[in-house]
Every structure is written in structure tokens, then in C-alpha cells.
Amino acid sequence: MTKFGHKDLLGMRQLSVQEINLILDTAESLKAISARDIKKVPTLRGKSIVNFFYEPSTRTRTSFDVAAKRLSADTFSLSASTSSMVKGETLVDTARNLQAMRPDVIVLRHPSSGAPHMLAREVSAGIINAGDGINEHPTQALLDLYTIREKMGRIKGLKVVIMGDISHSRVARSNIIGLTKMGAEVTLSGPPTMMPIGIETFGVNVVADPAEAIWGKDVVMVLRIQLERQTRVLFPSIREYAAFFGLTREILQGANEGAIVMHPGPLNRGVEITPEVADGPWSVILDQVANGVAVRMAVLYLLIGGAKGDNVDQGRRSD
């Protein structure tokens, strides 16, 4: 039986294929809780989780909060604007003060790449990376992997295209690592100014033309333009970006039959994706949101659950 022996979840690089499968299998078992009339189990009763978000968040922050509550954990939310950090306190000192209150897990989102890794070395509480700069967002990648497996029946051997602002996307990095580990073939597409130099060393293909990139793919993952992380203008205008790199129904016709469209949110309708596609039969965007709760329940359970790594249901096959 695979054990989950980590204190923290900092990135997809630290996870083996077996551990990824363990998280996805556990999420599948826990997902049924959200469909019950009483959406709560006592699994993490007495455990405490701090959501510390230095950047704005809707889906991730709410998802972690809901996941913890459905496992009966106590949750506390903290933002940089309401913490002593506005008075000059460092992130490490803030975390040490939180540690003195004995939380079991701190869920951290921070604009600086590597911030969760630093905290993990400073505190004994488990650290979950909820997005650090342009580095990684592991639970988003895990819920994306779960959604792909749920909708397509497998991950290994699928052809996936990730479109958009690759350079500034932590979601792209975590998904590239996770998808390639799980045996998917990954293609990247977007403006050359938004494509990291040397990204091919990650084992991916790069195709600039969206129509060509989408041709014959099983999964189309669209990313938004990360304007808040760009230090210079990387494209002439939003209108031109939408015209050349936006996902439309016409371009999507080149994907394989039964292909799915994904987006981590928040999506900009009419820019990187048209409303027709976002709300169409290909879209699994809302499924991603629902699955995010199950996956984050699984992560919390495996990090601090009483079974400490025993899967609640090992009946699922491995890819």
C-alpha cells in the first residue's frame, strides 16, 4: 500500500506517480461526501487549518475552506492586508506566531516563488502551497489530473494542449510536471513572447499556431493572460490576442471527438476563450471547481488524517 510520507505539499516535483495516484484515488472516495444531505464527516475533528493568502483568491481559498469543514476541521483565514505584515512583520515571523498557536496545516498563497518552501523549513506545521509566484500551484494540477481521469477514463497516452500565457502561469508549470509524469503528451501554444525559453527541456512540444496545436488533441487547457505579473507589454492589444490566440468553436473542431476544454479560472470571456466554448458541451470548467473540493479534502486527509497515509479506498486502478 502506498503511503503519503510528506509533511508538506510544496509542488508536483516532490510527488511520485504512486503518490499522485494515491491522492486521486483518495479524492474519488471522498467526493461522495459532497453529494450527501449532510456534507460532513468527523475525519479531521480537532485538527486546525490556517488559510494564509497574501494574494486575492476565490476558488482556491473557498475550496480549501469547504474541504476542511467537510472533514470537520477548524479553519482560520488570514490575509496580508489584515495581518501584522502591514506593520512590517516578516512572513517568517508571522508564520512562527501562527505556529505558536499550534495549527496542523498552513495553506499559503504568496506572490514570491519559493515562499512555501522557506516556511516549510521554519515551522513544524504542514505547509500546502496554494500558489507561489510563477512557480507552482500543485493542488490545481492535481484537480486537473483528477478531472481528466474522471472524464477521459485515463491520463496515460492522452494528448493535451495548454494554451495561453505559459511564462507567467504557475498552473502551467504544475500541470506540465504532473501530466508528463503521468504519461500524457503535452503541447504548449501561445505568443512567443509568453513562452519560456528552453521550455522544451520539460519534455513538451511547442506549437505557436493554436489551430495546429489543437489538432488531434484530447484535452484543451486554456490559461488567462497574467497581466498582473507582466512587467512589459507582450502583445499589441487584448483584441489582437483574442483574434489570434483565443479559443473559438471553429478552432476547437480540430480536436479529437470527445475532447474536453479546461480552464483554471478566473476566465476572461471573449479574450482567451469565447462564451460559446466556455459554456459549451466540451467545457468541464465547473467540474474542475467541484473536483477541487474533493482533491483538497484528499490532500488534507493524507497530510494530517488519523490514518496518516492509509487510503480510504484502494479499489481504483492506477494509470
field: Lys151 side chain vs Ile148 backbone, donor-acceptor pair below 3.5 Å
entry: no
message: Counting C-beta onward and ignoring hydrogens, is there a side-chain heavy-atom pair between Leu300 and Leu44 closer than 4.5 Å?
response: yes
- request: Decide, yes or no, whether a salt bridge links Arg170 with Glu55 under the criterion of side-chain N to carboxylate O below 4.0 Å.
  value: yes
query: Any side-chain heavy atom of Val222 sitting closer than 4.5 Å to one from Leu267?
result: no
- prompt: Shared ILVMFWY cluster between Trp282 and Trp215, side chains joined below 4.5 angstrom?
  reply: no
- prompt: Roughly how far apart are Asn21 CG and Leu145 CG, rounded to 0.5 Å?
  reply: 9.5 Å
query: Between Ser48 and Arg102, is any side-chain donor less than 3.5 angstrom from a side-chain acceptor?
result: no
field: Shortest non-hydrogen separation from Leu10 to Glu136 and the atoms involved
entry: O-CB, 4.5 Å
query: What do the steps show when you test Arg109 against Thr60 for side-chain hydrogen bond (donor to acceptor under 3.5 Å, both in side chains), and what is the final call?
result: CA-CA 9 Å; Arg109 169 167 289 186; Thr60 302; 3.3 Å; yes
message: Check this for me: Arg269, atom CZ, are more than 12 non-hydrogen atoms of other residues, nucleotides or ligands nearer than 6.0 Å?
response: yes
- prompt: Is there a path from Met163 to Leu252 through hydrophobic residues (I, L, V, M, F, W, Y) whose side chains come within less than 4.5 Å of each other?
  reply: yes
message: Quick check against the 3.5 Å criterion: does Thr187 have a side-chain atom that pairs as donor or acceptor with the backbone of Asn205?
response: no
task: Going by the side-chain contact (heavy atoms from CB on, under 4.5 Å) test, name the single residue among Val207, Val160, Val204, Val161 that passes it with Leu188.
output: Val204
query: Can we say Lys31 and Glu150 salt-bridge, meaning some charged N sits less than 4.0 Å from an Asp/Glu carboxylate O?
result: yes
message: Check Arg149 with Asp25, please: is the shortest side-chain N to carboxylate O separation under 4.0 Å?
response: yes
message: In the structure I gave you, are the side-chain heavy atoms of Ile20 and Val17 within less than 4.5 Å of one another anywhere?
response: no
- prompt: Which heavy-atom pair separates Ala208 from Ser189 by the least distance, and what is that distance?
  reply: O-OG, 3.2 Å
Heavy-atom pair of closest approach, residues Met262 and Asp144: CE-O, 3.6 Å
task: Kindly say whether Gly216 contributes a backbone atom to a donor-acceptor pair with the side chain of Asn256 at under 3.5 angstrom?
output: yes
- prompt: Below 4.0 angstrom, N of the basic side chain to O of the carboxylate: do Arg61 and Asp65 qualify?
  reply: no
query: How far apart are the C-alpha atoms of Thr274 and Leu247, what are their side-chain angles, what is the distance that settles it, and do they pass the side chain to side chain contact (heavy atoms under 4.5 Å, CB included) test?
result: CA-CA 6 Å; Thr274 64; Leu247 180 62; over 6 Å; no
query: So, the side chain of Arg154 versus the backbone of Lys156: is there a donor-acceptor pair under 3.5 Å, distance only?
result: yes
query: Do Arg224 and Pro266 have side chains that get closer than 4.5 Å, going by heavy atoms?
result: yes
- request: Please assess Thr147 against Gln288 for the test side-chain hydrogen bond (donor to acceptor under 3.5 Å, both in side chains), listing each intermediate value before the final yes or no.
  value: CA-CA 6 Å; Thr147 303; Gln288 290 173 265; 5.6 Å; no
- prompt: If two hydrophobic side chains count as joined below 4.5 Å and joins carry through other members, does Ile214 share a cluster with Met152?
  reply: no
query: Counting N and O atoms only, with roles assigned by atom type, does the side chain of Thr201 sit under 3.5 Å from a partner on the main chain of Gly198, one being a donor and the other an acceptor?
result: yes
task: Determine yes or no for a side-chain-to-main-chain donor-acceptor pair under 3.5 angstrom, with Thr180 supplying the side chain and Ile176 the backbone.
output: yes
- prompt: If every non-hydrogen atom of Ser167 is compared with every non-hydrogen atom of Pro196, which pair is closest and at what distance?
  reply: OG-N, 3.3 Å
message: Please report the interatomic distance CG(Leu108) to CD1(Ile127), rounded to the nearest 0.5 Å.
response: 6.5 Å
query: Do Leu142 and Leu9 come close enough that some side-chain heavy atom pair is under 4.5 Å?
result: yes
- request: Answer yes when Arg249 and Glu276 have at least one side-chain N-carboxylate O distance shorter than 4.0 Å, and no when they do not.
  value: yes
query: Which pair of heavy atoms, one from Arg70 and one from Ser34, lies closest together, and at what distance?
result: NH1-OG, 2.7 Å
query: For Phe64, is the NZ or CZ atom of Arg296 found under 6.0 angstrom from the centre of its six-membered ring and inside 45 degrees of the ring axis?
result: yes
query: Within a reach of under 6.0 Å around NZ of Lys159, are more than 12 heavy atoms found that belong to other residues, nucleotides or ligands?
result: no
message: For a 4.5 angstrom cut-off between non-hydrogen side-chain atoms, does Phe53 reach Leu78?
response: no
query: Angle class for the Phe245/Tyr241 ring planes (parallel below 30°, perpendicular above 60°, tilted otherwise)?
result: tilted
- prompt: Do Val105 and Leu302 belong to the same hydrophobic cluster, where Ile, Leu, Val, Met, Phe, Trp and Tyr are linked whenever their side-chain heavy atoms lie under 4.5 Å apart, directly or via other members?
  reply: yes
- request: Show your working on side-chain hydrogen bond (donor to acceptor under 3.5 Å, both in side chains) between Thr90 and Asp93 and close with a plain yes or no.
  value: CA-CA 5 Å; Thr90 67; Asp93 283 335; 3.2 Å; yes
message: Tell me if a side-chain donor or acceptor on Gln14 pairs with a main-chain N or O of Gly11 at a distance below 3.5 Å.
response: yes
task: I would like to know whether Ser124 and Gln99 meet side-chain hydrogen bond (donor to acceptor under 3.5 Å, both in side chains); could you show each step before the answer?
output: CA-CA 7 Å; Ser124 59; Gln99 177 64 54; 2.8 Å; yes
- prompt: Are Val261 and Ile273 close enough that some pair of their side-chain heavy atoms sits under 4.5 Å apart?
  reply: yes
task: Using atom types as modelled and distance alone, determine if a side-chain donor or acceptor of Lys39 lies under 3.5 Å from a backbone N or O of Ala35.
output: no
message: If you compare all heavy atoms of Ala120 against all heavy atoms of Asp8, which two are closest, and at what distance to 0.1 Å?
response: CB-OD2, 3.5 Å
task: Applying side chain to side chain contact (heavy atoms under 4.5 Å, CB included), run through Val220 and Ile260 and close with a yes or a no.
output: CA-CA 6 Å; Val220 181; Ile260 59 174; over 6 Å; no
task: Check whether any side-chain heavy atom of Thr139 lies under 4.5 Å from a side-chain heavy atom of Leu143, and answer yes or no.
output: no
- prompt: Just how far is it from atom CG of Leu24 to atom CD of Glu19, taken to the nearest 0.5 Å?
  reply: 12.0 Å
task: Would you give the length of the straight line joining atom CD1 of Ile128 to atom CG of Leu119, rounded to the nearest 0.5 angstrom?
output: 13.0 Å
query: Does Leu179 belong to the same Ile/Leu/Val/Met/Phe/Trp/Tyr cluster as Met195, with side-chain heavy atoms less than 4.5 Å apart forming each link?
result: yes
query: Measuring from Tyr54:OH to Ser112:OG, what's the distance to the nearest 0.5 Å?
result: 7.5 Å
Distance, nearest 0.5 Å, that separates CE of Met194 from CG of Leu223: 11.0 Å
query: Charged N to carboxylate O under 4.0 angstrom, Arg173 versus Asp132?
result: no
